[in-house]
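These values consider heavy atoms only, across backbone and side chains, with no hydrogens, waters or symmetry-generated copies.
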Amino acid sequence: MSSTTAAPAPGGTTITFHPEFRVGTVDRRLFGSFVEHLGRAVYTGVYEPGHATADDHGFRQDVVELTRELGVSMVRYPGGNFVSNYDWEDGVGPVEDRKPFLDLAWRTVEPNLVGTDEFLQYCERTGIEPMMAVNLGTRGVAAAVGLLEYCNGEAGTRWADMRIANGREKPYGVKLWCLGNEMDGPWQIGHKDAHEYGKLAAEAGKAMKLVDPSIELVACGSSSMYMPTFGEWERTVLSYTYDIVDHISMHAYYEELNGDRASFLGSGTAMDRFVERVVASADAIGAQKRSDKKITISFDEWNVWYLESRFPGEENLPIQRDAPRIIEDVYSGLDAVVVGDLLVTLLNHADRIPVACLAQLVNVIAPIMTEPGGAAWRQTTFHPFAATARLAQGAALDLRVASPSMPTTKHGDVPTVTAAGTVDPGTGAVGLFVTNRTDTEQLVTLRHPGCALRIDGGTAVLADHEGPREGKESAESYVPVEVEAPEHGNGTITLRLAPESWTAFSGAVEAAED
Ligand code: AHR
């Protein structure tokens with residue numbers, strides 16, 4: 001325990017904790033990530049035959065080790081925008097017979113060295129659950145059904161037999177399927193309006209569930225809350241697909257623009273509002289249908305991405321080949337704090353968000369970077385994700401956070417302190433995740449009436465002011481700070497939060513008090 005006597009400032013933040021007040025269960029698929037055929041995510045990212053650490057299949061084991069340390073449970077594949085012009089048939093069968101094609105999403109020549117079998121077998125070897133997407137841009141129902149049958153079908157039908165002929169007897173049993181990607185976006189190859197997409201997704205989904213009723217389907221929601229069609233898109237798409245799909249997707253990327261640090265630090269609140277709006281749209285359709293079913297959210301792309309300030313736009317990319325460097329954002333301490341805070345939002349909605357993917361895993365807006373033929377390393381954003389995946393176990397708690405607010409230009413007033421908590425009902429282990437968005441130290445009162453709570457200490461990421469940390473040495477010199485056990489009082493604990501920080505505390509519920 002800390003020996004310093006701490007007294008929270010009057011009007012400061014109070015968090016009330018009780019292990020029985022729960023939001024829902026933390027689904028392990030909340031700690032998913034994403035590998036798209038984009039830039040160096042696949043080639044020289046996860047896959048680099050000839051690399052000193054590559055296994056017999058050409059997959060880099062230094063990246064596998066870091067992926068394990070990151071705690072990634074699931075990986076979405078093969079896109080992203082890429083999937084909307086991808087012919088999956090080109091990526092299966094003998095590698096020497098596969099032909100390169102020009103991917104129009106990223107204007108890159110795709111060599112088709114890695115395809116469905118290579119990806120799914122990599123997932124099996126590493127214990128990661130795959131999440132697959134079908135092409136509803138340039139393809140449709142038949143290609144979606146064919147790919148599902150190729151992956152999950154038993155011997156005796158065309159596509160399942162093709163998989164067997166390609167050397168894989170046992171079906172892969174892929175459970176989670178995205179019905180296209182960002183079909184609301186004009187940049188999407190095969191972009192559709194909400195009626196066109198809703199009808200197509202309903203037909204593809206219906207047919208896919210006839211092939212394998214055990215799968216879960218994700219309909220495309222809006223590609224951001226700021227799309228002009230947001231809201232109406234969800235309403236229309238779900239009016240066609242409500243009874244067929246299980247989840248609706250959400251995508252959100254945040255960045256610091258024009259030095260507006262406060263708005264950037266408030267991104268978690270924007271994400272929170274986005275979730276509440278999508279849930280409201282889905283529930284409105286459910287109510288209209290008098291349905292007891294609840295559509296949940298697959299937040300299958302979220303991250304910090306300097307999209308407006310650093311990305312030139314796909315139409316301005318030259319046609320390239322050989323795994324070009326595309327959107328290799330370099331992250332700062334501030335970015336790590338925001339990533340931690342976005343995880344707070346995801347945990348607080350555990351009842352409605354069972355699936356989420358940090359976009360992406362390697363090299364492309366990623367927590368893990370590699371050099372071709374060289375090292376792999378952790379970016380700053382690696383740390384909050386790894387700590388949360390490790391500590392957030394069991395039930396997500398309904399913490400009551402009473403916090404002063406701060407003004408932001410982009411999101412209006414946002415709380416200065418945010419928090420999420422978890423408890424493992426089996427062991428009593430507690431995870432507590434707290435963000436201080438202010439530029440001063442905050443003393444936070446953690447009340448735990450009616451239960452004996454112990455907080456042991458934690459690990460924090462700080463928004464240092466060094467800016468993006470380019471390269472292995474600079475990125476890896478950024479390490480999380482150890483936080484001492486806080487001062488425990490009678491029914492309260494005082495948490496000391498560094499300025500602009502995100503902290504993951506561990507602890508335990510010791511015994512129930514009557
Ligand atoms: O993650 C990068 C891109 O962002 C994805 O391909 C697309 O779905 C989104 O716009």
Side-chain angles (χ1 to χ4, degrees), residues 28 31-80 82 91 95 106 108 110-132 301 303-305 322-331 336 339 357-390 469-479:
R28 297 321 296 170
F31 303 106
S33 188
F34 179 24
V35 171
E36 178 170 4
H37 284 260
L38 190 190
R40 300 195 304 117
V42 174
Y43 305 108
T44 75
V46 289
Y47 177 82
E48 190 179 345
H51 187 271
T53 72
D55 65 6
D56 294 347
H57 309 273
F59 283 79
R60 286 181 65 151
Q61 296 305 297
D62 53 352
V63 174
V64 167
E65 281 313 309
L66 286 174
T67 305
R68 268 203 195 106
E69 184 185 323
L70 187 61
V72 165
S73 55
M74 187 191 72
V75 171
R76 180 169 176 249
Y77 176 88
F82 173 83
V95 174
W106 304 105
T108 302
E110 165 57 46
N112 277 319
L113 302 176
V114 171
T116 301
D117 288 295
E118 287 79 15
F119 172 71
L120 293 177
Q121 289 169 26
Y122 148 81
C123 286
E124 280 186 346
R125 288 193 303 273
T126 52
I128 285 172
E129 179 175 349
M131 177 187 201
M132 296 286 287
E301 289 186 34
N303 204 349
V304 170
W305 176 8
D322 303 328
R325 291 178 191 260
I326 304 177
I327 51 175
E328 298 199 359
D329 278 17
V330 174
Y331 291 118
V339 163
C357 303
L358 176 70
Q360 298 195 5
L361 181 64
V362 192
N363 291 328
V364 172
I365 40 173
I368 300 170
M369 298 298 290
T370 67
E371 265 309 314
W377 64 93
R378 304 163 192 81
Q379 292 227 60
T380 59
T381 53
F382 184 100
H383 304 292
F385 189 99
T388 310
R390 183 165 46 84
R469 288 168 174 263
E470 186 98 50
K472 178 175 162 69
E473 247 172 61
S474 167
E476 293 216 321
S477 68
Y478 181 89
V479 283

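Listed here is the closest heavy atom pair of L38 and V364: O-CG2, 3.3 Å. Heavy-atom minimum distance, T44 versus A323: OG1-CB, 4.5 Å. The minimum heavy-atom distance linking T370 with R60 is given by the pair CB-NH1, 3.6 Å. Between A336 and T380, the shortest heavy-atom distance links the atoms CB-O, 3.5 Å. Considering every non-hydrogen atom in both A389 and G71, the closest pair reads CB-O, 3.8 Å. The minimum heavy-atom distance linking P367 with L361 is given by the pair CD-O, 3.4 Å.
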Check the pair T67 / T126 against side chain to side chain contact (heavy atoms under 4.5 Å, CB included), numbers first and verdict last.
CA-CA 9 Å; T67 305; T126 52; over 6 Å; no
Step by step, work out the side chain to side chain contact (heavy atoms under 4.5 Å, CB included) result for I327 and Q360.
CA-CA 10 Å; I327 51 175; Q360 298 195 5; 5.9 Å; no
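Residues E124 and L120 form no side-chain contact, since every pair of their non-hydrogen atoms from C-beta on lies 4.5 Å or further apart. You'll find the side chain of V114 reaches within 4.5 Å of the side chain of Y77, heavy atoms only. Contact of the E476 side chain with the R378 side chain is registered, since non-hydrogen atoms from C-beta on lie closer than 4.5 Å. A 4.5 Å side-chain heavy-atom check between Y47 and H57 finds every atom pair outside the cut-off. Contact annotation: the side chain of V304 never approaches that of T381 to less than 4.5 Å [non-hydrogen atoms, C-beta and beyond]. V63 is not listed as a side-chain neighbour of E48, based on a closest heavy-atom distance of 4.5 Å or more. Residues E110 and V42 fail the side-chain proximity criterion, which asks for heavy atoms closer than 4.5 Å. With a 4.5 Å cut-off on side-chain heavy atoms, R125 and V64 do not count as touching.
At least one donor-acceptor pair closer than 3.5 Å links the side chain of Q379 to the backbone N or O of A366. With hydrogens and angles ignored, the 3.5 Å screen pairs a side-chain donor or acceptor of Y43 with a backbone N or O of L113.
The CG atom of D329 sits 12.0 Å away from the CG atom of N363 when rounded to the nearest 0.5 Å. In this structure, the separation between CG on L358 and OG on S33 is 5.0 Å, given to the nearest 0.5 Å. In this structure, CD on E65 lies 9.0 Å from CD on E69, to the nearest 0.5 angstrom. With rounding to the nearest 0.5 Å, the separation of CG in L70 from NE2 in H383 is 10.0 Å. Atom OH of Y331 sits about 4.0 Å away from atom CG of N303, to the nearest 0.5 Å. In this structure, CE in M369 is found 12.5 Å from CG in L66, a value given to the nearest 0.5 Å.
Salt bridge annotation for R28-E129: absent, with no cationic side-chain nitrogen under 4.0 angstrom from a carboxylate oxygen.
By the 30° and 60° cut-offs, the orientation of the rings of F82 relative to H37 is parallel. In this pair, Y122 and F59 present their aromatic rings parallel. The plane angle is below 30°, not in the 30 to 60° band.
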